[in-house]
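Working notes for the structure below.
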Amino acid sequence: MANTWLKTAVFYEIYPNSFADDNGDGYGDLKGIIKKLDYIKSLGANAIWLNPHYDSPFMDGGYDVRDYFKVSSRFGTEADFDEFIGAAHAKGIKVILDLVPGHTSEENADFLKSAEATPNDMYDRFIWTRGEWDFPQGFKAISGRHQRKGNYIVNFYSTQPSLNYGFNRVDDPNWQFSYKSDEAIATREWLKSVMRFWLERGADGFRVDMADSLVKNDGDQGDKPATSELWRNIRAMMDEEYPDAILVSEWSNPQAIRAGFHADFMLDHWGNPYNLLVRGEEVQDGHSYFDIEGRGDAAKIAESFSEWYGKIKDDGYLAIITCNHDTPRLGGFYTHEQLKLIYATLFTLPGVPFVYYGDEIGMKYVKDIPSVECGFARTGSRTPMQWSLDKNAGFSAADKIFLPTEIDKAVNVESQSKDKKSLLNFMRELIAFRKTREELTARDFEFMHAVGSEPLVYRRGKLVIVVNPLKVKQIAPVTLAKNDKDIFSVGKAAKIKKDGIECPPLSFTVFECK
Ligand code: GLC
């Protein structure tokens with residue numbers, strides 16, 4: 001791979017609305033982020049993923065882009081953006097932006113032009129049927145909102161019209177273009193112009209929203225051959241023009257790496273390793289590995305993780321999240337002691353760590369708050385960052401803020417910074433430890449023991465890692481040499497015995513083996 005920085009990157013995901021409000025209008029902004037760069041650095045993170053910062057009517061938290069070439073005035077000026085990139089770089093922090101390639105906002109000027117009654121140069125930039133009564137099967141089509149004769153396809157919400165990257169299988173040539181057509185290629189080239197615009201301004205790459213959604217009728221096994229071809233074309237442009245820039249896909253399928261992405265997120269999809277490790281409580285009735293009652297199954301996790309990792313091979317990275325802006329936070333479902341075990345496990349598996357803002361202090365998923373900007377259930381994971389016990393938890397001086405903040409004595413940066421044993425300080429130690437051991441960013445990896453809720457044991461080069469998720473002592477049936485040393489632990493370190501490794505309750509230990 002052309003670039004090397006991704007290998008040792010630790011990302012911090014920032015949802016800009018919610019991080020730090022500098023101008024006191026109740027929304028987070030770029031100036032606020034600039035003031036917190038030292039904090040991000042103190043965590044050990046050396047990269048930021050910024051959720052959409054573009055001009056938007058915010059009908060989907062900014063994933064509905066009105067103007068791809070403009071910073072949302074909510075977040076600051078164009079100069080603030082440039083200052084943010086410059087300040088981050090000066091501190092050795094890379095910044096990747098959120099690229100939303102599949103759909104625009106319904107207020108996007110190109111879309112509005114495509115919706116006019118008479119044909120024009122934007123007519124085929126979006127996907128329109130040719131008759132007002134055409135409601136094609138398998139697509140969400142919106143009707144009756146514009147003067148153009150026909151209905152348009154949307155990707156996610158009704159406010160997000162799909163851009164036209166064409167179809168792989170063309171069922172109705174009256175309105176479906178081949179993905180090889182000039183019209184589809186023109187959209188791809190427009191996307192490149194968006195990317196170049198931000199890369200020229202200093203961005204270090206993109207997290208790519210719904211990366212697999214571009215070409216329609218494109219296979220059904222997750223392989224998406226035409227969409228993959230499109231991304232390989234874009235990757236070739238990047239390798240040539242911006243060889244240090246990276247692409248991280250929201251695809252959650254090893255296919256994404258074959259499509260040219262440098263890394264792909266392992267998302268919280270039902271039954272995948274992340275989900276089986278930590279999120280079973282939500283969707284599978286208490287079957288995650290970290291379930292305190294021991295109802296999880298490490299075997300399933302090892303099987304699916306190994307399959308996934310095996311498919312990626314040396315071609316790219318797995319992006320491993322604590323959580324994200326679409327997923328219920330783990331805080332509140334687990335105690336801080338459990339979160340330490342969870343983060344330690346996630347960040348010693350092979351992959352690139354992504355800390356979602358606030359997860360490092362164990363911010364809770366806030367249940368039952370009214371939806372804002374179409375966050376719906378996701379709103380509870382997007383509440384403002386908890387900096388202190390001050391007004392609005394130190395997030396903003398405004399009297400009215402866009403989402404209520406939780407004021408929690410134990411869950412804020414100021415209190416946890418003072419407490420040596422806090423989750424925040426543990427996170428700092430964990431990331432620092434990860435940096436000292438080359439094995440943790442190398443490829444070498446294997447599961448050594450993965451059975452039910454017994455201790456999970458895996459090897460990273462010379463390091464052997466042992467996790468006990470239960471409140472009771474357990475023995476892992478893995479033999480290590482007597483003088484193999486424990487070099488990092490959560491809770492009391494495990495001990496090497498004749499019949500295996502004796503793990504104290506709720507413990508995580510890294511051994512260095514000869
Ligand atoms: C992605 C984003 C999500 C957004 C959706 C539509 O899944 O992460 O927040 O709503 O795409 O763009």
Side-chain angles (χ1 to χ4, degrees), residues 11-19 28 48-68 72 74-75 96-108 111 126-127 139-140 142 152-165 187 191 194 205-216 222 224 227 231 247-253 256 261 263-270 272 274-275 279 319-329 354-359 365 371-383 402-403:
F11 279 86
Y12 192 74
E13 179 191 347
I14 298 181
Y15 193 69
N17 280 311
S18 312
F19 194 56
I48 289 172
W49 154 25
L50 184 68
N51 288 117
H53 66 286
Y54 314 96
D55 174 53
S56 166
F58 292 100
M59 292 300 286
D60 179 19
Y63 285 92
D64 47 326
V65 182
R66 186 163 43 206
D67 186 341
Y68 281 79
S72 164
R74 178 188 280 188
F75 301 137
I96 66 169
L97 303 175
D98 215 315
L99 183 69
V100 190
H103 45 265
T104 67
S105 152
E106 62 183 350
E107 294 182 19
N108 177 271
F111 173 69
F126 294 82
I127 308 178
F139 297 96
K140 266 192 258 173
I142 307 295
Y152 58 95
I153 305 300
V154 297
N155 265 1
F156 197 69
Y157 293 141
S158 63
T159 53
Q160 292 162 308
S162 304
L163 280 150
N164 182 17
Y165 294 93
T187 310
L191 179 62
V194 173
F206 301 96
R207 174 265 186 185
V208 180
D209 187 65
M210 291 178 66
D212 65 335
S213 71
L214 305 196
V215 178
K216 307 300 182 208
K224 313 241 167 153
T227 304
W231 283 115
L247 289 176
V248 187
S249 50
E250 186 196 34
W251 192 319
S252 220
N253 188 312
F261 287 90
D264 177 46
F265 282 105
M266 187 166 73
L267 295 174
D268 184 23
H269 289 171
W270 193 87
N272 86 9
Y274 173 85
N275 177 265
R279 293 240 44 104
I320 299 189
I321 57 172
T322 55
C323 163
N324 68 21
H325 64 289
D326 292 330
T327 310
R329 290 184 189 273
F354 278 71
V355 182
Y356 181 52
Y357 83 92
D359 280 355
Y365 173 68
S371 172
V372 164
E373 299 185 341
C374 301
F376 302 111
R378 303 172 299 179
T379 311
S381 288
R382 299 176 179 180
T383 54
F402 93 104
L403 261 184

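By convention here, the first residue in the shown sequence is residue 1. Every number for a ligand or one of its atoms is a count from 1 in the order of the listing.
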Please identify which atoms of ligand 1 are closer than 4.0 Å to at least one heavy atom of [X].
{"X": "His103", "answer": "6 (C), 12 (O)"}
{"X": "Asp60", "answer": "4 (C), 5 (C), 6 (C), 10 (O), 12 (O)"}
{"X": "His325", "answer": "2 (C), 3 (C), 8 (O), 9 (O)"}
{"X": "Arg378", "answer": "3 (C), 4 (C), 9 (O), 10 (O)"}

>> Can you tell me how the ring of Trp49 sits relative to the ring of His325, calling it parallel under 30°, perpendicular over 60° and tilted otherwise?
In response: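 Perpendicular.
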Starting from [atom], what is the nearest protein heavy atom, named by residue and atom, and what distance separates them?
{"atom": "atom 8 (O) of ligand 1", "result": "Asp326 OD2, 2.5 Å"}
{"atom": "atom 7 (O) of ligand 1", "result": "Glu250 OE2, 2.7 Å"}
{"atom": "atom 1 (C) of ligand 1", "result": "Asp209 OD1, 2.7 Å"}

> Do Ser18 and Thr383 have side chains that get closer than 4.5 Å, going by heavy atoms?
Replying inline: no
> Do any heavy atoms of Val100 fall under 4.0 Å from ligand 1?
Replying inline: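 Checking ligand 1 against Val100, which is what was asked, there is no heavy-atom contact under 4.0 Å.
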> Has Met210 got more than 12 heavy atoms of other residues, nucleotides or ligands less than 6.0 Å from its CE?
Replying inline: yes
> Please walk me through it: do Asn51 and Tyr63 pass side chain to side chain donor-acceptor pair (under 3.5 Å)?
Replying inline: CA-CA 9 Å; Asn51 288 117; Tyr63 285 92; 2.9 Å; yes
> Under 3.5 Å, is there a donor-acceptor pair between the Asp264 and Ser249 side chains?
Replying inline: yes
> Distance only, no hydrogens: is a donor on one side chain within 3.5 Å (strictly under) of an acceptor on the other, for Tyr68 and Asn108?
Replying inline: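 Per modelled atom types, Tyr68 and Asn108 side chains form no pair under 3.5 Å.
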> Which bit of Arg207 is near ligand 1, meaning a heavy atom under 4.0 Å away: side chain, backbone, both or neither?
Replying inline: side chain
> Heavy atom under 4.0 Å from ligand 1: found in Arg382's side chain, backbone, both, or neither?
Replying inline: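 For Arg382, the contact with ligand 1 is made by the side chain alone.
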> For the ring pair (Phe, Tyr, Trp, His ring centres under 6.0 Å) test, which of Phe58, Phe19, Tyr54 pairs with Phe75?
Replying inline: Phe58
